[in-house]
Amino acid sequence: MLLTETADKIKGMEIRGAGRIARAAVEALKGHALSFEGGDLQKFREWMEDAAELLVQTRPTAVSLPNAVHYVMIGLKGAGSVGEAQAEMVRRVERFVRDSINAVDRIGEIGARHISDGDVILTHCNSEAALACILKAGQVGKDIEVFATEVRPQNQGLLTIRTLNDAGIKTNFIVDSAVRHFINSIDLVIVGADAVAVNGAVVNKIGTAQIALAAHEARTNFIVAAETYKFAPRTILGELIRIEERDASEVLNPEVSKGLPHVRVRNPVFDVTPAAFIDLIITERGAIPPSLAYLIICEYLGWGIEEFHKAFQIDDKNQE
Ligand code: RUB
């Protein structure tokens with residue numbers, strides 16, 4: 001697929017979900033790198049940097065996207081020729097895709113252990129990682145039942161119920177606002193993540209924070225399934241994760257909006273769930289309490305404060 005085609009599909013949400021977005025973006029980088037013709041290494045660098053920028057700008061919230069692009073772009077460093085750089089980037093793309101798929105499988109295995117026979121699980125949106133836990137629990141013979149939300153305005157819940165139905169898992173489909181009504185019948189909430197901040201806060205589909213609040217009040221366990229590349233290194237220095245706000249027409253027909261000049265339709269598509277409402281984050285490296293998010297960023301993603309200072313040329317004087 002052409003670079004611009006992938007970028008358009010991510011922007012238009014034909015390709016969606018943080019893990020899928022990351023894999024599609026690196027595959028697009030690979031195709032773009034291999035289509036480079038004639039030119040020196042400097043030209044190739046610029047060609048790839050423009051491509052990386054285009055992809056990263058498509059959706060601002062899913063941290064998997066810049067993390068994956070960053071991982072592949074490191075392949076440019078230290079290369080002595082275009083051929084060398086291309087080979088290293090291709091190697092990195094293939095590794096990222098393989099690791100990402102394995103990570104989701106591993107999360108499924110670990111997550112399923114936190115699901116008990118007879119559990120009623122609530123999930124929101126359509127997360128590969130969250131579904132991997134639920135599907136695995138079903139595969140190993142646990143008798144489970146799921147509540148899946150509709151997910152206004154894009155209805156990702158329809159994708160979720162199709163997957164659960166295909167797996168033969170007993171599923172209840174509810175509107176987003178019915179969560180509080182059913183929360184006392186739920187044993188466990190499992191959702192995915194678009195980003196995990198250093199303080200353990202999780203960014204996921206709009207409505208997740210409300211569900212977490214209801215679960216917290218009802219003392220229902222709340223688990224997040226997130227690959228390590230969804231942890232956001234820049235939050236170490238206090239950078240906030242940008243919450244994407246999409247077009248109002250996704251929420252209200254523009255014809256109706258036109259007749260309501262005093263009404264502004266708002267469409268934020270993600271929200272932030274505080275660490276205090278999260279019991280566990282399941283990564284492919286194991287399950288951690290949200291307070292250990294810093295460890296993942298430093299030990300597995302390799303970003304410590306020093307790396308940041310180097311990467312962004314921050315010195316102590318600049319920090320004052
Ligand atoms: C998708 C969403 C998902 C996360 C995790 O939002 O919020 O819960 O991306 O998904 P959108 P996964 O539909 O707007 O992209 O576990 O598949 O990476």
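Throughout, numbering of the chain's residues begins at 1 and tracks the sequence. Each ligand, and each atom within it, is numbered from 1 in the order the structure gives.
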Notebook entry, point to check: Does a salt bridge link Arg113 with Glu109, judged by any charged N lying under 4.0 Å from a carboxylate O?
Noted result: no
Notebook entry, point to check: So which bit of Gln156 gets within less than 4.0 Å of ligand 1, heavy atoms only: side chain, backbone, both or neither?
Noted result: side chain
Next item on the list: Before signing off on this row, confirm whether His124 and ligand 1 have an N or O atom pair separated by under 3.5 Å.
Entry: no
Item checked: CD1 on Ile107 to OG1 on Thr283, rounded to 0.5 Å -> 6.5 Å
Margin query: So if I count the atoms of ligand 1 from 1 in the order they appear, which ones are less than 4.0 Å from some heavy atom of Gly19?
Written below: 18 (O)
Margin query: So that I can tick it off, tell me whether Arg16 and Glu14 are bridged by a salt bridge, with the cut-off set at under 4.0 angstrom between side-chain N and carboxylate O.
Written below: no
Item checked: Residues Lys77 and Glu88 bridged, charged N to O under 4.0 Å -> no
Checklist line | Taking atom 17 (O) of ligand 1 as the reference point, the nearest protein heavy atom with its distance | finding: Glu128 N, 2.8 Å
Check: At what distance, to the nearest 0.5 angstrom, does NZ of Lys136 lie from CG of Leu131?
Finding: 14.5 Å
Next item on the list: Check the surroundings of atom CD in Glu27: do more than 12 heavy atoms from other residues, nucleotides or ligands lie under 6.0 Å from it?
Entry: yes
Check: How long is the gap from CD1 on Ile243 to CZ on Phe270, to the nearest 0.5 Å?
Finding: 8.0 Å
Item checked: Test item, Arg59 contacting ligand 1 (heavy atom, 4.0 angstrom) -> yes
Note to self: Taking only non-hydrogen atoms of Lys230, do any sit less than 4.0 angstrom from ligand 1?
What the structure shows: yes
Check: Can you tell which part of Ser127 has a heavy atom less than 4.0 Å from ligand 1: side chain, backbone, both or neither?
Finding: both
Next item on the list: Examine the proximity of ligand 1 to Ala193 and report which part, side chain or backbone, both or neither, has a heavy atom under 4.0 Å away.
Entry: backbone
Item checked: Numbering as shown, the atoms of ligand 1 that approach Ala18 to under 4.0 Å (heavy-atom distance) -> 9 (O), 10 (O), 18 (O)
Notebook entry, point to check: Do any N/O atoms on Ala130 end up under 3.5 angstrom from N/O atoms on ligand 1?
Noted result: no
Check: Just distances here: any N/O of Gly17 and N/O of ligand 1 closer than 3.5 Å?
Finding: yes
Margin query: For the 3.5 Å polar cut-off, considering only N or O atoms, please tell me whether Cys125 and ligand 1 meet it.
Written below: no
Checklist line | Parallel, tilted or perpendicular, as decided by the 30° and 60° cut-offs, for the rings of Phe36 and Phe44 | finding: perpendicular
Notebook entry, point to check: For atom 4 (C) of ligand 1, what is the nearest protein heavy atom, given as residue, atom name and distance?
Noted result: Asp194 OD1, 3.2 Å
Check: Of all the heavy atoms in Asn204, does at least one lie under 4.0 Å from an atom in ligand 1?
Finding: yes
Check: Cation-pi between Arg23 and Phe96: NZ/CZ under 6.0 Å from ring centre and within 45° of the ring axis?
Finding: no
Margin query: Suppose we measure from atom 1 (C) of ligand 1 to each protein heavy atom; which comes out shortest, and what is that distance?
Written below: Arg16 NH2, 3.4 Å
Next item on the list: Would you check whether Ala62 reaches within less than 4.0 Å of ligand 1, judged by its heavy atoms?
Entry: no
Margin query: Please list the nearest protein heavy atom to atom 6 (O) of ligand 1 with its residue and the distance rounded to 0.1 Å.
Written below: Lys205 CE, 3.3 Å
Next item on the list: Kindly say whether the aromatic ring centers of Phe147 and Phe182 come within a distance under 6.0 Å.
Entry: yes
Check: At their closest point, which heavy atom of Glu284 faces which heavy atom of Glu227, and how far apart are they?
Finding: OE1-CA, 3.3 Å
